[in-house]
Every structure is written in structure tokens, then in C-alpha cells.
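Remember, it's a predicted structure, so these values are computed and weren't measured experimentally. Naming: A, B, ... by sequence-line order, numbering from 1 per chain.
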Amino acid sequence: MNPDYYKDEHYRTIIHVDLDCFYAQVEVMKNPELKNVPFGVQQKNIVVTSNYLAREFGIRKCMLLSDAKQMCPNLVLVNGEDLNDYRSMSYKVTSLLQKYSNSVERLGLDENFIDVANLVDEKLQDNTFQVHSVGNIFGNIETLCQCGCEVRLKVASLIAEEMRKLIYEELGLTSCAGIAHNKLLAKIVCSKHKPNQQTVIFPNSALELMLSLNSVENIPGIGKATSEALRTINIRTIQDLQNIAISELNKLFDSEKAKFLQNLSYGIDKSLVKRSGKPLSIGLEDSCKLISAEKEVKEKLTELLKRLLILVEADGRIPKTIKLTVRKFDKLTKTSRRETRQSNINPHLFTSGKVALMNSGNVDKILITLMGLFRKIVQVRRPFHITLLGLSFNKFNERPDIRRSLALFLRKDLEVQSITSIENLNSNDSSPESAAPSPSSYRESSDQECEPTPKRTKLNMFKRNLMEYDKCESPCKLRVQDLQLNSEKHDNNQNISCPPSVDESVFKELPLDVQHELWSEYKRTRNELVNFGNRAKRVKGNTLLNYFVKK
DNA sequence: AAGCCCCAG
DNA sequence: CATTCTGGGGCTT
């Protein structure tokens with residue numbers, strides 16, 4: 001038996017929410033007449049998903065159009081090649097779920113993991129609260145674990161029901177939920193009762209749930225390549241993976257991966273719910289039958305680029321690199337493979353809003369780089385065959401507007417530009433001399449309702465200013481307004497890392513997006529330090545971080 | 001940092 | 001088997 005099995009801890013409480021046939025639900029909202037007919041969502045030659053009426057005919061994910069039509073001659077089809085509507089609805093769902101926890105991880109467009117530890121603790125503080133569960137329970141409940149996970153999971157089942165109700169009431173979408181002490185089990189158990197239902201699993205039934213998958217390729221995290229590798233040493237079933245000597249797995253995978261895989265087979269998953277933020281890349285791709293002419297390539301790229309620029313504009317950030325993806329078809333081997341090339345782009349093309357973005361001259365400039373990238377992949381002087389073109393923007397800077405307005409604000413309203421005594425900024429600090437001057441322009445009639453003792457401190461004003469920013473409509477703002485979006489990876493995914501040069505107590509008081517901004521700025525300057533050694537200036541220029549460094 | 005591969009829905 | 005249209009992450013160079 002895997003030694004980790006006896007050490008598995010159940011202190012976490014995780015909900016997995018999965019929207020029912022998501023694309024199909026969005027299409028019904030766009031066209032309610034679809035509600036009572038079997039229909040599928042089509043991309044090129046493929047039915048990528050279908051409603052439940054169609055599934056009764058045997059329609060399955062990624063079925064060929066011709067096969068689907070044979071099974072269900074009356075199948076109605078809607079085109080789903082443009083993901084915009086699905087994507088925007090998806091982010092609305094994530095935004096709703098973020099009301100329950102700051103730790104929400106997106107998976108694809110239709111799934112979210114939520115770590116509800118804090119909410120569960122809150123609910124358990126209330127002694128009048130009668131603990132019970134709602135929804136389906138997977139497995140037996142005769143020998144439940146006594147570590148305390150039972151009540152947490154039951155409470156989480158109530159939270160999951162609230163979440164699903166909210167998603168239905170606010171957005172009209174039905175969903176399923178799985179509740180467990182780790183992500184793996186939450187995800188698997190979620191699919192045990194569908195659609196529009198939820199299921200909780202207690203740790204004592206973890207093995208039963210894993211065995212119900214039958215084969216290793218059904219374990220989330222084990223894909224085609226891994227299961228093929230496992231097959232070479234005759235591992236097919238869950239039990240095979242449980243019982244194989246770890247030394248055998250080490251012949252195929254490094255020891256960390258080997259351990260990870262075997263743990264999965266026991267339903268053990270230590271991975272944390274990662275806070276999802278703004279996407280790290282924004283891309284579009286279009287597959288096609290065959291392209292063999294450079295002119296055609298340029299036309300396709302133009303169309304893709306124009307669509308992509310609209311998405312990037314809506315995102316609000318400034319992209320730094322662009323990547324071209326080409327799928328080459330080899331007529332001899334009858335196989336295709338993807339090749340990519342990327343290059344930096346001139347940020348000036350994006351700095352002055354929509355006009356600059358859609359300016360045809362700028363589009364042309366980007367197109368020239370793209371065709372340059374294309375010729376790196378394809379010898380255009382020789383015959384070539386392309387079956388897919390893709391574009392994506394990959395690295396981003398926040399738009400400078402935010403930082404500039406903050407810096408301006410600070411310079412205007414603070415006598416000193418750098419904050420030397422950080423504690424004085426804390427609104428909980430009651431020492432009288434710490435109060436900052438309060439310009440009358442920031443007095444508001446609604447003051448009394450804001451905070452118990454709304455002290456006019458610099459930090460309060462700083463936060464207020466940000467709230468004002470949040471309220472305003474601006475073309476550079478995200479379409480997904482409420483989302484807590486971060487574009488950085490952090491050492492600790494519960495809290496945002498505090499740059500060592502900044503006082504942590506102040507850092508924690510700052511709004512999340514400012515924390516992100518400070519951290520990413522610190523990382524940039526740190527990288528410069530690495531590159532240039534001691535001669536580099538610590539923090540240079542008129543940066544946000546500069547206002548918060550301890551002196 | 002660039003490009004490939006693997007994972008997911 | 002992959003097929004669509006994405007997006008994240010890890011490995012190698």
C-alpha cells in the first residue's frame with residue numbers, strides 16, 4: 001500500500017463546479033427555440049458538444065458531423081467556432097464564484113475549483129447552525145473519518161448548492177458540483193450525478209471512487225501520452241497503478257511525477273486551488289482544409305489579427321509579444337505538426353486606445369512581422385501545405401494609465417513622494433500626528449456610512465481613489481469588471497507576495513490589484529538586478545513601487 | 001526567452 | 001487514433 005495513503009490529510013474543503021453542456025446552454029440563451037430540439041454545436045466538421053436531447057441519440061463530444069447526422073437525422077446544428085460568447089459568459093460565472101472565495105481556479109471555460117475553507121469556518125462559528133448535507137452522497141457513510149472533515153464537507157455541500165442557485169438566478173445556467181477534500185476527488189465525483197445535481201464524497205470512499213474510473217486514462221491528469229507510457233509496462237487499470245512498484249514507475253518518469261501518478265490512483269491530490277486571473281495569452285486559431293499560397297495565408301492572418309485586436313483591446317493590457325502557429329501537413333507521412341515562432345511587438349502600436357489599435361497602418365505593421373514569422377516556418381518558395389493558422393499575444397504589461405494616475409495622485413496630495421513611515425499610513429493607527437492632511441475635495445457626504453471611524457489617512461485616500469477608478473467606465477477597462485484578475489504567478493497562491501522592499505503591514509492593506517502591480521514591478525526590477533549586477537539601480541524612475549519602498 | 005510537448009474542456 | 005478552439009504549464013535549449 002502506498003505510504004501516502006495513510007498520511008492523506010482532509011483539512012481542505014474544495015468545490016468543483018461544472019456547467020452542464022456549456023456551449024449548448026449559451027446557444028439556447030441566444031436562441032430559445034433550440035430548447036426543445038436535439039442540437040449540436042459545430043466547429044468545422046465536428047460536433048463539439050450537444051444538448052441532452054441530442055445525447056439521447058448517442059451524440060458524443062467531438063463526433064464527426066456525418067456520424068452525428070446518421071445517428072440523429074433531425075439534429076439541428078449551430079456554429080460554435082467563435083468562442084467569444086462562451087468566453088464572456090464563462091468569466092461571469094467565475095466572477096460569481098469569487099464572491100465565495102478569493103481562491104477560484106478556472107479549468108477550461110466551463111469548470112471552476114473553489115477552495116471554501118474560510119467560508120466553511122465562518123459558518124461553523126455559528127453554533128445555532130445545524131450541520132447537514134444536501135445533494136447526492138457518493139459511497140458509504142457508515143465509517144466516516146473523525147478528523148472533522150465530515151462537517152466541513154457537509155457545510156460545503158450547502159455552499160455548493162448556494163453557488164449553483166446563484167449561477168442559475170443570475171445567469172440562467174444549470175451546473176453540477178462535486179465536493180471533496182481535494183481537487184481530484186471533487187472533479188471526479190462532480191460527474192457522478194448529471195445534469196443539474198451535486199455530489200459530495202467523504203474521504204473513506206476515495207478508493208471506491210477511483211476504482212469506478214476503471215482505467216488509468218480516465219484519471220484527470222493522465223492523458224494520452226502518459227497512459228500510453230503506462231501501457232508499455234502493462235499498467236491499464238487503477239489497481240495496476242496502485243500496485244506497481246514505484247521503482248518501475250521511476251524507469252518512465254522522474255520520481256516526483258512517478259509519485260504524483262501513483263498518488264492519483266489512490267485519490268490523493270495535494271495540488272492547491274490556484275487563483276486564476278487574467279489569461280496569460282490571448283489567441284485565436286482557424287483550421288482549414290489546405291492552404292498552399294502565401295497570399296491566402298496573408299488574408300487569413302489579416303482576418304485573425306483584426307478579430308484578435310478587438311479581444312486584446314477589451315482585455316485592456318498591452319501585449320509585448322506575438323506568436324504565430326502554423327500546422328504543416330506532410331503529404332508523404334500523412335501527418336501534421338504544429339510549429340510556432342514569436343517576436344516582440346512595438347508597444348507604441350497599442351498605447352493610445354482603440355484608434356491606434358484598429359488603425360490600418362498599425363494592422364499592416366503587425367502583418368509584416370507576422371509574414372516574417374511565417375517565412376521562418378515555411379519555405380514559401382517551395383510547395384507547402386498548411387492546415388491551421390493561429391495567432392496569440394503572449395506577454396502583457398498593464399496599461400500605464402493606472403500607475404500614472406496613482407503616481408499623479410500621490411504627488412498631488414502628499415507632501416512627500418516616498419513614504420518613509422509606513423505605519424503612519426495604517427488607518428488603525430491612532431496616533432494623532434499620523435493623520436494626513438485632508439483636502440476638502442475628498443470629503444464626501446456619504447462619509448459617515450463608510451467606516452466606523454473614517455479617518456482621513458493617506459492610505460484611505462489612496463484606496464478611495466482606486467475605488468473611484470473602479471467605478472469609472474473607460475475603454476481600457478476589462479470587460480469582466482468584477483473579476484479579481486492577476487496576471488502574475490506568486491510564490492504563495494493564497495496571498496500575493498510582498499516585495500522585500502515594502503512594509504508588509506501596508507502591503508496587506510492595499511487593494512489586490514495594486515498588490516499585484518507592486519509585485520510584478522518588483523519582479524521586473526529584480527530581473528534587471530540579476531542581469532546587470534550591482535551596478536543596476538534598485539528602483540528607477542517614476543514607478544508605483546518607488547512610492548512604497550522602505551527607506 | 002524561444003519552441004516543443006503534454007494536459008485540460 | 002485525432003478531429004475544434006482554445007488556454008496553462010513544464011521541459012529543453
For this session: Could you tell me the separation between the NZ atom of A/Lys257 and the C1' atom of C/dG10, rounded to a whole number of Å?
Result: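 Distance check: A/Lys257 NZ to C/dG10 C1' gives 9 Å.
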Exercise. Given C/dC5, C/dG9, B/dC4, which nucleotide is nearest the side-chain atoms of A/Arg337?
Worked result: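 The answer is B/dC4.
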Tell me whether the side-chain N/O atoms of [X] come closer than 4.0 Å to OP1 or OP2 in [N].
| X | N | result |
| --- | --- | --- |
| A/Thr226 | B/dC7 | yes |
| A/Lys44 | C/dC5 | yes |
| A/Arg327 | C/dT4 | yes |
| A/Ser281 | C/dG8 | yes |
| A/Arg60 | B/dG9 | no |
| A/Arg87 | C/dG7 | yes |

Base, sugar-phosphate alone, or nothing: which one does [X] contact when heavy atoms must sit under 4.0 Å apart?
| X | result |
| --- | --- |
| A/Lys187 | sugar-phosphate |
| A/Leu284 | sugar-phosphate |
| A/Lys395 | sugar-phosphate |
| A/Ile219 | sugar-phosphate |
| A/Glu111 | sugar-phosphate |

With a 3.5 Å cut-off and no angle check, do the side chains of [X] and [Y] form a donor-acceptor pair?
| X | Y | answer |
| --- | --- | --- |
| A/Ser90 | A/Arg106 | yes |
| A/Asp20 | A/Asn196 | no |
| A/Arg275 | A/Ser103 | no |
| A/Ser215 | A/Asn218 | no |

Problem set entry | Residue whose closest nucleotide on DNA chain C lies nearer the 5' end, A/Asp254 versus A/Asn45 |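 Here A/Asn45 is the residue nearer the 5' end.
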Exercise. Mind checking the P distance from B/dC6 to C/dC1? Whole angstroms is fine.
Worked result: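 Roughly 14 Å separates the two P atoms.
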Exercise. Taking only residues two or more places apart in sequence, or in another chain, which ones meet A/Lys187 in a salt bridge (charged side-chain N to carboxylate O under 4.0 Å, His left out)?
Worked result: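 Residues passing salt bridge (charged side-chain N to carboxylate O under 4.0 Å, His left out) with A/Lys187: A/Glu111.
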